[in-house]
Structure formats: C-alpha cells, structure tokens
Chemist: 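Got a structure for you, written out below as structure tokens; questions coming shortly.
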Protein chains: 2
Amino acid sequence: MKDPLAKLPGYALRRASVTMMDALSEGLKDLDLKFTESTALVLIGANPGIRQADLVEMLAIQRPNMVPLVARLEMHGWVERAAVDGRSFGLTLTPAGEALLNRVWVVVNDLEQRLISHVRTDQVEIFHKTLTAIWQNW
Amino acid sequence: MKDPLAKLPGYALRRASVTMMDALSEGLKDLDLKFTESTALVLIGANPGIRQADLVEMLAIQRPNMVPLVARLEMHGWVERAAVDGRSFGLTLTPAGEALLNRVWVVVNDLEQRLISHVRTDQVEIFHKTLTAIWQNW
DNA sequence: TATTGTTATACTCTATAACTATA
DNA sequence: TATAGTTATAGAGTATAACAATA
C-alpha cells in the first residue's frame with residue numbers, strides 16, 4: 001500500500017502532535033484536568049494576578065471559552081478571582097491549586113521527556129526552536 | 001509576563017501543528033474539502049481500489065466516521081465505490097476526483113513549502129524523521 | 001468467530017454573535 | 001469608543017455501542 005502522506009513533514013507534524021496530545025490527555029485525566037486547563041494553571045502559577053484577557057491572548061483561545069474554564073478552576077478551589085478594577089479579575093492559585101500545579105508539572109515533564117527521547121540530543125534545541133518559529137512566525 | 005510554556009518542546013509542537021492546520025483548512029476551503037477528506041483523496045489516488053477499512057487504519061480514524069466521509073466524496077462525484085466482495089468496497093477516483101486531487105496537491109505543496117521555510121535546509125530531513133518517529137514509535 | 005460497513009448518538013473542543021458593565 | 005467578561009449557541013471533529021451482512 002502506497003502512502004504519499006509519509007513524504008510530508010506537515011502530515012508528520014500533525015500526527016506527532018495528535019499522538020502526544022493523546023498521551024497528555026491520558027496523564028491529565030488522573031488530575032481531572034483538560035489540556036487547556038493545565039496550561040491556564042501553569043500561566044496563573046507563573047503570573048499571580050494575571051487576568052483572563054491575558055490568558056486568552058497567551059493561549060490563543062476564544063474569550064467566551066475562557067469563562068467556563070476559569071469557572072471550573074474556581075469551583076474546584078484551585079483558583080481565586082480578585083477584582084483588579086471594575087471589569088477585570090486577577091487570577092491566583094490557591095494552596096490546593098499550587099499542589100495541583102505540582103502534579104501537572106510531573107505529568108508534563110514526563111511527557112516532555114518521552115517526546116524528547118525521540119530527538120537526538122544535539123538536535124533538541126534546534127527542534128524546539130524550529131517548532132516555535134513555525135507557530136510564532138507563520 | 002512569564003511564560004513557562006515557551007520552554008516546552010511539546011507545547012511548541014502543539015502550537016505549530018494547530019497553526020499549520022489552520023492554514024491548511026483555509027486552503028482546502030476553496031476546494032470544499034476538510035483535512036481528513038483530502039488525506040483520503042490522496043490515499044485513494046495512490047491506491048486505486050483501496051477499501052474503507054484500509055483508509056481507517058492508515059489515517060487512524062474511527063470506522064464510523066469514515067462512512068459519512070466516503071459518502072460525501074461519492075456524492076460529489078469524486079470517488080466511486082465498487083464491491084470487492086460481499087462486504088467491502090474498493091474506492092477509486094473519478095476523473096473529477098483526479099482533477100480535484102491535483103488541486104489538493106497544489107494546496108498541500110504550498111503549505112509544505114511554507115512549513116519547510118522555517119526549517120534550516122540541512123535540518124529538513126532530520127526534522128521530518130524526528131516527527132515521524134514520534135508518532136510511529138511513541 | 002472475526003471482519004466490513006453501517007446507524008445512531010454523545011462528547012469534547014472550538015467559533016461566532018450579541019449583550020452588560022467599565023475604562 | 002474600546003475593553004473585559006459574559007451568555008447563548010452552533011459547528012467541527014472525534015468517540016462509543018450496537019447492529020446486519022459477509023468472510
């Protein structure tokens with residue numbers, strides 16, 4: 001059976017991403033987290049007081065989809081919202097949120113290590129830079 | 001604003017894939033095709049008489065989702081189904097399907113070239129091999 | 001008994017339009 | 001007038017269970 005798709009780096013990029021995301025979803029399932037929720041936790045943890053609008057921009061998701069996401073993190077007691085001004089909220093992790101974030105990092109680091117295991121050691125940096133250039137300079 | 005995600009090759013892989021897929025979807029919109037439909041056309045074109053079950057395996061999609069996909073390609077007169085035995089159909093492109101496939105290749109080749117433009121020339125092959133290893137040997 | 005294709009359905013993720021309140 | 005957050009909703013894309021017909 002011929003497979004012309006095998007010659008296409010773009011197709012490989014897609015398949016690699018899906019494969020990795022499947023594994024990540026599996027790992028996050030134990031934490032009761034979706035992928036985007038985990039990235040939001042990371043950014044809130046690194047930037048206490050960050051606003052929803054900042055998350056929207058950094059994660060490149062739609063504003064309306066941020067609402068139920070943050071609501072769920074707050075509902076579980078992982079994130080707190082404090083009014084910054086009359087229309088925006090600053091987000092911070094609760095102690096429970098910090099603890100959860102630590103577990104997120106375990107899952108993520110395991111995944112990244114597995115990913116990197118398929119990249120020659122001397123190629124890891126350029127591999128990363130190339131992927132970053134693709135989405136940032138497309 | 002700190003962004004710990006920027007250090008993660010896996011996150012870059014995801015963002016790169018999404019960015020590229022957005023561009024591909026845009027290109028395929030002119031052809032009235034979805035991404036998976038375009039990959040099915042490629043495989044049918046390269047393997048006349050291929051069965052749905054073969055597509056399902058090669059594209060790693062679910063069998064039930066193949067049904068409306070092939071039905072749409074047939075409905076538009078791009079693909080013909082011929083009974084191979086009592087339970088399976090062999091798929092072939094019609095002349096209209098071949099013409100459409102040529103246009104798919106134009107879109108795909110443009111996209112691949114744009115993708116590759118972000119990869120150093122001497123790195124293209126290893127970049128491709130690395131991505132392939134990730135999804136095939138995960 | 002395993003395989004092929006099918007039907008019906010559900011779930012997740014993402015996108016759009018329109019609204020309120022505030023800067 | 002532009003921005004932040006919200007509401008409601010719609011659309012892809014993908015997944016599962018169960019079935020009929022055939023190998």
Side-chain angles (χ1 to χ4, degrees), chain A residues 1 11 14-15 17-29 31-40 43-44 47 49-75 79-91 135, chain B residues 1 14-15 17-29 31-40 44 47 49-75 79-91 135:
Chain A
M1 201 74 71
Y11 185 73
R14 154 82 174 178
R15 290 293 294 262
S17 174
V18 168
T19 298
M20 177 200 64
M21 291 299 292
D22 283 353
L24 180 54
S25 296
E26 195 59 32
L28 291 175
K29 195 178 290 179
L31 309 185
D32 192 21
L33 283 177
K34 310 290 180 186
F35 166 68
T36 314
E37 292 171 341
S38 73
T39 58
L43 292 183
I44 297 168
N47 302 282
I50 192 174
R51 297 168 312 125
Q52 289 188 199
D54 299 321
L55 290 179
V56 160
E57 189 188 9
M58 295 177 76
L59 297 174
I61 67 179
Q62 301 300 312
R63 277 142 205 83
N65 297 331
M66 195 78 245
V67 176
L69 192 160
V70 170
R72 184 167 182 275
L73 297 181
E74 191 183 20
M75 187 246 301
V79 164
E80 279 177 345
R81 310 205 304 169
V84 168
D85 56 27
R87 64 182 175 185
S88 59
F89 299 94
L91 307 175
W135 74 265
Chain B
M1 200 75 71
R14 154 83 174 176
R15 291 293 294 263
S17 173
V18 168
T19 299
M20 177 199 65
M21 291 300 290
D22 283 351
L24 180 55
S25 295
E26 194 60 31
L28 291 176
K29 196 178 290 180
L31 309 186
D32 191 22
L33 283 177
K34 310 290 181 188
F35 166 67
T36 315
E37 293 172 339
S38 73
T39 57
I44 297 167
N47 302 283
I50 192 174
R51 297 169 310 126
Q52 290 188 197
D54 299 321
L55 291 179
V56 160
E57 189 188 9
M58 295 177 77
L59 297 175
I61 66 180
Q62 302 300 314
R63 276 150 204 81
N65 296 333
M66 195 78 247
V67 176
L69 192 160
V70 169
R72 184 168 182 275
L73 298 181
E74 191 183 19
M75 188 244 304
V79 163
E80 279 179 345
R81 311 206 303 169
V84 167
D85 55 27
R87 66 183 176 185
S88 59
F89 298 93
L91 306 174
W135 74 264

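Every chain is numbered from 1, with letters handed out A, B, ... down the list of sequences. Computed from a prediction, not measured in an experiment: that's the story for all the values here. Both backbone and side-chain heavy atoms feed into the values below; hydrogens, waters and symmetry mates do not.
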Chemist: More 5' along DNA chain D: A:V18 or A:D54, using each one's nearest nucleotide?
Modeler: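 First, find each residue's nearest nucleotide; the 5'-ward one identifies A:D54.
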
Chemist: Check the pair A:I44 / A:L55 against side-chain contact (heavy atoms from CB on, under 4.5 Å), numbers first and verdict last.
Modeler: CA-CA 8 Å; A:I44 297 168; A:L55 290 179; 4.1 Å; yes

Chemist: Specify the closest pair of heavy atoms between B:L69 and B:A40, including all atoms of both residues, with the distance to one decimal.
Modeler: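 Here B:L69 and B:A40 meet closest at CD2-CB, 3.9 Å.
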
Chemist: Among residues at least two apart in sequence or on other chains, which ones pass side chain to side chain donor-acceptor pair (under 3.5 Å) with A:R87?
Modeler: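 Listed in chain order: nothing, the list is empty.
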
Chemist: Under 3.5 Å, sequence neighbours excluded: what are the donor-acceptor pairs made by side chains of residues 56-68 of chain A?
Modeler:
none

Chemist: With a 4.0 Å cut-off on heavy atoms, is A:R14 in touch with a base, just the backbone sugar-phosphate, or nothing at all?
Modeler: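 It contacts sugar-phosphate atoms only.
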
Chemist: How long is the line joining CD1 of B:I50 and P of C:dT4, in whole Å?
Modeler: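 The answer, rounded to whole Å, is 12 Å.
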
Chemist: Got a sec, which residues hit side chain to side chain donor-acceptor pair (under 3.5 Å) with A:S88, two or more places apart in sequence or on another chain?
Modeler: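 Expected list: A:D85.
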
Chemist: For A:K34 and for A:R87, find the nucleotide of DNA chain C with the closest heavy atom, then tell me which residue's nucleotide is more 5'.
Modeler: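 Comparing both residues, the 5'-ward one is A:K34.
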
Chemist: Show, in sequence, the C-alpha distance, side-chain angles and deciding distance for A:R72 and A:D32, and conclude whether the side-chain contact (heavy atoms from CB on, under 4.5 Å) test is met.
Modeler: CA-CA 11 Å; A:R72 184 167 182 275; A:D32 192 21; 2.9 Å; yes

Chemist: Identify the two heavy atoms, one from B:W135 and one from A:T19, that lie closest to each other, and give their separation to 0.1 Å.
Modeler: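 Looks like CB-OG1, 3.3 Å.
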
Chemist: In whole angstrom, what separates A:R51's CZ from C:dA21's P?
Modeler: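 Whole-Å distance recorded here is 20 Å.
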
Chemist: With the side chain counted from C-beta on, respond yes when B:L24 and B:F35 share a heavy-atom pair under 4.5 Å apart, and no when they do not.
Modeler: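 Result yes, sub-4.5 Å side-chain heavy-atom pair found.
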
Chemist: Does anyone know the first and last nucleotide of DNA chain D in reach of chain B, 5' to 3', at under 4.0 angstrom to a heavy atom?
Modeler: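 Contact span on the strand: D:dA12 to D:dA23.
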
Chemist: Taking atom P of C:dA15 as reference, at what distance in whole Å does atom CG of A:L69 sit?
Modeler: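 Result: 14 Å.
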
Chemist: Can you tell me if the side-chain N/O atoms of A:T36 get under 4.0 Å from OP1 or OP2 in C:dT14?
Modeler: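 Answer yes for this pair, as a side-chain N or O of A:T36 is under 4.0 Å from OP1 or OP2.
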
Chemist: Want to settle it: does A:D22 or A:R81 sit nearer the 5' end of DNA chain D, counting the closest nucleotide to each?
Modeler: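 Upstream on the strand: A:R81.
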
Chemist: Heavy-atom contacts under 4.0 Å between residues 58-67 of chain B and DNA chain D, which residues?
Modeler: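 The answer is B:Q62, B:P64, B:N65.
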
Chemist: Can you sort out the partners of B:N47 under side chain to side chain donor-acceptor pair (under 3.5 Å), two or more places apart, ordered by chain and number?
Modeler: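 Partners of B:N47 by the side chain to side chain donor-acceptor pair (under 3.5 Å) criterion come out as none, since no residue qualifies.
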
